[in-house]
Student: 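What follows is a single structure, and I will ask about it in a moment.
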There are 2 protein chains.
Amino acid sequence: MAGDPLSRVFAALADPTRRDMVTRLAVADATVGELAEPYDVSVQAVSKHLRVLEDAGLVSRSRDAQRRPVHLEAEVFDLMTKWIERYRRQAEERYRRLDDVLRDMPDDVDPLPPPQEGQQS
Amino acid sequence: MAGDPLSRVFAALADPTRRDMVTRLAVADATVGELAEPYDVSVQAVSKHLRVLEDAGLVSRSRDAQRRPVHLEAEVFDLMTKWIERYRRQAEERYRRLDDVLRDMPDDVDPLPPPQEGQQS
DNA sequence: GCTTTCCTCAACCGAATGGTTGAGGAAGAG
DNA sequence: CTCTTCCTCAACCATTCGGTTGAGGAAAGC
């Protein structure tokens with residue numbers, strides 16, 4: 001389907017039903033039937049949604065008798081986080097430079113350190 | 001078009017060309033022509049992409065003579081960040097609770113709560 | 001064996017998406 | 001006023017997407 005992994009993750013989360021599934025899966029693993037129950041669509045539609053999430057690497061399915069328990073995979077979220085953080089750093093860098101120009105070039109003071117807890121690449 | 005703001009933001013960033021535009025706009029504002037130049041598509045296509053980004057609130061356009069300078073709007077990224085953080089909190093909460101269960105096993109704890117999930121807000 | 005439960009695959013459908021081309025508005029340059 | 005530049009709107013086209021229904025596989029229960 002769609003090309004790069006990042007596009008797949010963003011596209012997968014662009015659907016509110018899929019986002020809701022992810023939210024619920026963050027609480028507990030669930031079977032396809034359990035996942036489908038609150039929504040007003042067919043089980044097949046939910047199965048399709050799960051395939052999209054699985055292709056994006058957000059979810060994995062194992063096997064337990066006839067059931068296919070769905071499990072949320074956390075790592076892929078880091079892809080997004082990293083991309084967003086990169087943008088954020090660039091934007092801050094941009095404003096920092098603008099600030100420097102307006103302040104007539106100070107030495108190397110960093111007036112706005114990124115307020116983040118460890119997520120740096 | 002697509003419904004809620006969060007869906008629009010995710011959908012807007014699901015396209016690699018649009019993500020690249022955002023990356024470049026994080027460095028500096030740009031006109032439509034400047035933005036279109038590196039890509040192998042028509043200017044109209046780029047204009048459409050910008051419309052998607054604008055509808056998502058990621059970008060704003062002003063007017064300078066015939067030119068329409070494009071400016072990146074940072075606030076909307078917080079929508080995503082907040083959603084991701086909420087997921088992260090839930091996931092951590094989940095593992096914390098699992099830890100509690102394995103450690104203590106109280107009486108009236110239901111280890112598999114029925115799918116009475118609240119809708120995602 | 002047969003049935004039931006849980007789930008996926010396949011085909012189809014309408015709507016949205018990303019691209020094209022062509023026409024045209026808006027504003028500066030001559 | 002005319003021309004050029006920059007950009008958007010409109011129509012069209014192929015593909016993808018989210019949904020449906022119908023058929024069927026896999027594993028437990030009878």
Side-chain angles (χ1 to χ4, degrees), chain A residues 1-22 24-25 28-56 58-72, chain B residues 1-22 24-25 28-56 58-71 112 114-115 119-120:
Chain A
M1 289 220 186
D4 58 302
L6 199 45
S7 295
R8 279 199 290 265
V9 178
F10 275 119
L13 295 177
D15 185 281
T17 303
R18 286 195 292 259
R19 273 201 313 280
D20 191 60
M21 290 185 197
V22 167
R24 292 168 57 205
L25 286 170
D29 290 1
T31 67
V32 178
E34 287 167 0
L35 281 172
E37 194 262 330
Y39 309 123
D40 197 17
V41 295
S42 63
V43 184
Q44 289 95 322
V46 172
S47 188
K48 278 193 182 180
H49 279 307
L50 283 172
R51 185 138 161 68
V52 175
L53 290 172
E54 192 177 24
D55 287 347
L58 284 162
V59 134
S60 65
R61 289 133 141 188
S62 49
R63 181 165 268 292
D64 166 38
Q66 320 96 310
R67 282 176 216 108
R68 306 294 311 275
V70 182
H71 177 73
L72 188 65
Chain B
M1 292 215 187
D4 58 303
L6 199 45
S7 296
R8 279 199 290 265
V9 179
F10 276 118
L13 294 177
D15 185 281
T17 302
R18 286 195 292 259
R19 274 201 312 279
D20 192 59
M21 289 185 197
V22 167
R24 292 167 57 204
L25 286 170
D29 290 1
T31 67
V32 178
E34 289 166 359
L35 280 173
E37 194 261 329
Y39 310 122
D40 196 17
V41 295
S42 63
V43 183
Q44 289 94 323
V46 172
S47 189
K48 277 193 182 183
H49 279 306
L50 282 173
R51 185 137 161 69
V52 174
L53 290 171
E54 191 176 26
D55 287 347
L58 284 162
V59 134
S60 66
R61 290 132 141 185
S62 49
R63 181 165 268 292
D64 167 37
Q66 321 98 308
R67 283 175 215 107
R68 307 294 310 276
V70 182
H71 177 73
L112 192 68
Q119 289 304 73
Q120 183 229 2

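Letters go in sequence order (proteins before strands), and every chain restarts at 1.
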Student: Once you round it to whole Å, what is the distance between C1' of dT8(C) and CG of Leu53(A)?
Tutor: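 To the nearest whole Å, that distance equals 16 Å.
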Student: Counting side-chain heavy atoms from CB outward, which of dT20(D), dC6(D), dC7(C) is closest to Ser42(A)?
Tutor: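 Ranking dT20(D), dC6(D), dC7(C) by closest atom to the Ser42(A) side chain puts dT20(D) first.
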Student: To the nearest Å, how far apart are Leu50(B) CG and dC9(D) P?
Tutor: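 Distance, rounded to whole Å: 12 Å.
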Student: Once you round it to whole Å, what is the distance between P of dG18(D) and CG of Asp40(A)?
Tutor: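 One finds 17 Å between P of dG18(D) and CG of Asp40(A), rounded.
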Student: Assign Thr31(B) to base, sugar-phosphate, or nothing according to its heavy-atom contacts below 4.0 angstrom with the strands shown.
Tutor: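 The answer is sugar-phosphate, as Thr31(B) gets under 4.0 Å only of primed atoms, P, OP1 or OP2.
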Student: Considering non-hydrogen atoms only, spot the tightest contact between Leu50(B) and Arg61(B) and give its length.
Tutor: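 Looking at all heavy atoms of both residues, the closest pair is CB-NH2, 3.6 Å.
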Student: Return yes when atom CG of Asp40(A) has more than 12 non-hydrogen atoms of other residues, nucleotides or ligands closer than 6.0 Å, and no otherwise.
Tutor: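 Not more than 12 within 6.0 Å, no.
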Student: Measuring from the side chain of Lys48(A) (C-beta onward, heavy atoms only), which nucleotide among dC7(D), dT20(C), dG18(D) has the closest atom?
Tutor: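 So the side chain of Lys48(A) is nearest to dG18(D).
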Student: Is the backbone of Leu13(A) close enough, under 3.5 Å, to the side chain of Arg18(A) for a donor and an acceptor to pair up by distance?
Tutor: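 Looks like no, no N/O pair under 3.5 Å.
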Student: Can you see if the side chain of Ser47(A) gets near the phosphate of dC7(C) - specifically, an N or O under 4.0 Å from OP1 or OP2?
Tutor: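 For dC7(C), neither OP1 nor OP2 has a side-chain N or O of Ser47(A) closer than 4.0 Å.
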Student: Considering non-hydrogen atoms only, spot the tightest contact between Asp20(A) and Tyr39(A) and give its length.
Tutor: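 Nearest heavy atoms, Asp20(A) then Tyr39(A): OD2-OH, 2.6 Å.
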Student: Under 4.0 Å from OP1 or OP2 of dG19(C): is there any side-chain N or O of His49(B) that close?
Tutor: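 It does, given that an N or O in the side chain of His49(B) lies less than 4.0 Å from OP1 or OP2 of dG19(C).
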Student: For residues Ser7(B) and Pro16(A), report the shortest heavy-atom separation together with the two atoms involved.
Tutor: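 Answer, listing the atom of Ser7(B) first, then Pro16(A): OG-CD, 3.4 Å.
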Student: If I take atom CZ in residue Arg8(B) and atom C1' in nucleotide dA16(C), what distance separates them, rounded to the nearest angstrom?
Tutor: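 Answer to the nearest Å: 15 Å.
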Student: Figure out the CZ/C1' separation between Arg51(B) and dA16(C), and round it to whole Å.
Tutor: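 Going from CZ in Arg51(B) over to C1' in dA16(C) covers 14 Å.
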Student: So, for Thr31(A) and Arg67(A), which heavy atoms are closest and what is the spacing to 0.1 Å?
Tutor: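 Scanning both residues, the minimum pair turns out to be CG2-CD, 3.8 Å.
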Student: Sugar-phosphate atoms are those with a prime plus P, OP1 and OP2; base atoms are the rest. Using that split, label each nucleotide of nucleotides 22-30 of chain C B, S or - for protein heavy atoms under 4.0 Å, 5' to 3'.
Tutor: B----BS--
Student: Which nucleotide sits closest to the side chain of Val32(B): dT20(C), dT20(D), dC7(D)?
Tutor: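 Closest nucleotide to the Val32(B) side chain: dC7(D).
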Student: If an axis is fit to five pairs at each end of the helix from dG1(C)-dC30(D) to dG30(C)-dC1(D), what is the angle between the two, to the nearest 10°?
Tutor: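 Answer for the end axes of this duplex: 10°.
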Student: For residues Val59(B) and Val70(B), report the shortest heavy-atom separation together with the two atoms involved.
Tutor: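 Reported closest heavy-atom pair: CG1-CG1, 3.4 Å.
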Student: Specify the separation, in whole Å, of atom CZ of Phe10(B) and atom P of dC17(D).
Tutor: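 Roughly 17 Å, once rounded to whole Å.
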Student: Please determine if a side-chain N or O atom of Arg61(A) lies less than 4.0 Å away from the OP1 or OP2 oxygen of dC7(C).
Tutor: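 Arg61(A) to dC7(C) OP1/OP2: no side-chain N or O under 4.0 Å.
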Student: Quickly work out the Arg67(A) CZ to dT8(C) C1' distance and round it to whole Å.
Tutor: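 Value for this atom pair: 16 Å.
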Student: Starting from P on dC7(D), measure out to CD on Glu37(B) and report it in whole angstrom.
Tutor: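 In whole Å, dC7(D) P and Glu37(B) CD are 13 Å from each other.
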Student: Just how far is it from atom CG of Leu53(A) to atom NE2 of His49(A), taken to the nearest 0.5 Å?
Tutor: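 Leu53(A) atom CG to His49(A) atom NE2 measures 8.5 Å (nearest 0.5 Å).
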Student: Taking all non-hydrogen atoms of both residues, which atom of Ala12(B) and which atom of Leu58(B) are closest, and how far apart?
Tutor: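 Heavy atoms of Ala12(B) and Leu58(B) come nearest at CB-CD1, 4.0 Å.
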Student: Identify, between Thr17(A) and Asp64(A), the residue whose nearest nucleotide on DNA chain D lies closer to the 5' end.
Tutor: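 Counting from the 5' end, the first nearest nucleotide belongs to Thr17(A).
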Student: Is a side-chain N or O of Arg24(B) found less than 3.5 angstrom from the main chain of Leu35(B), in a donor-acceptor match?
Tutor: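 Checked: pair present.
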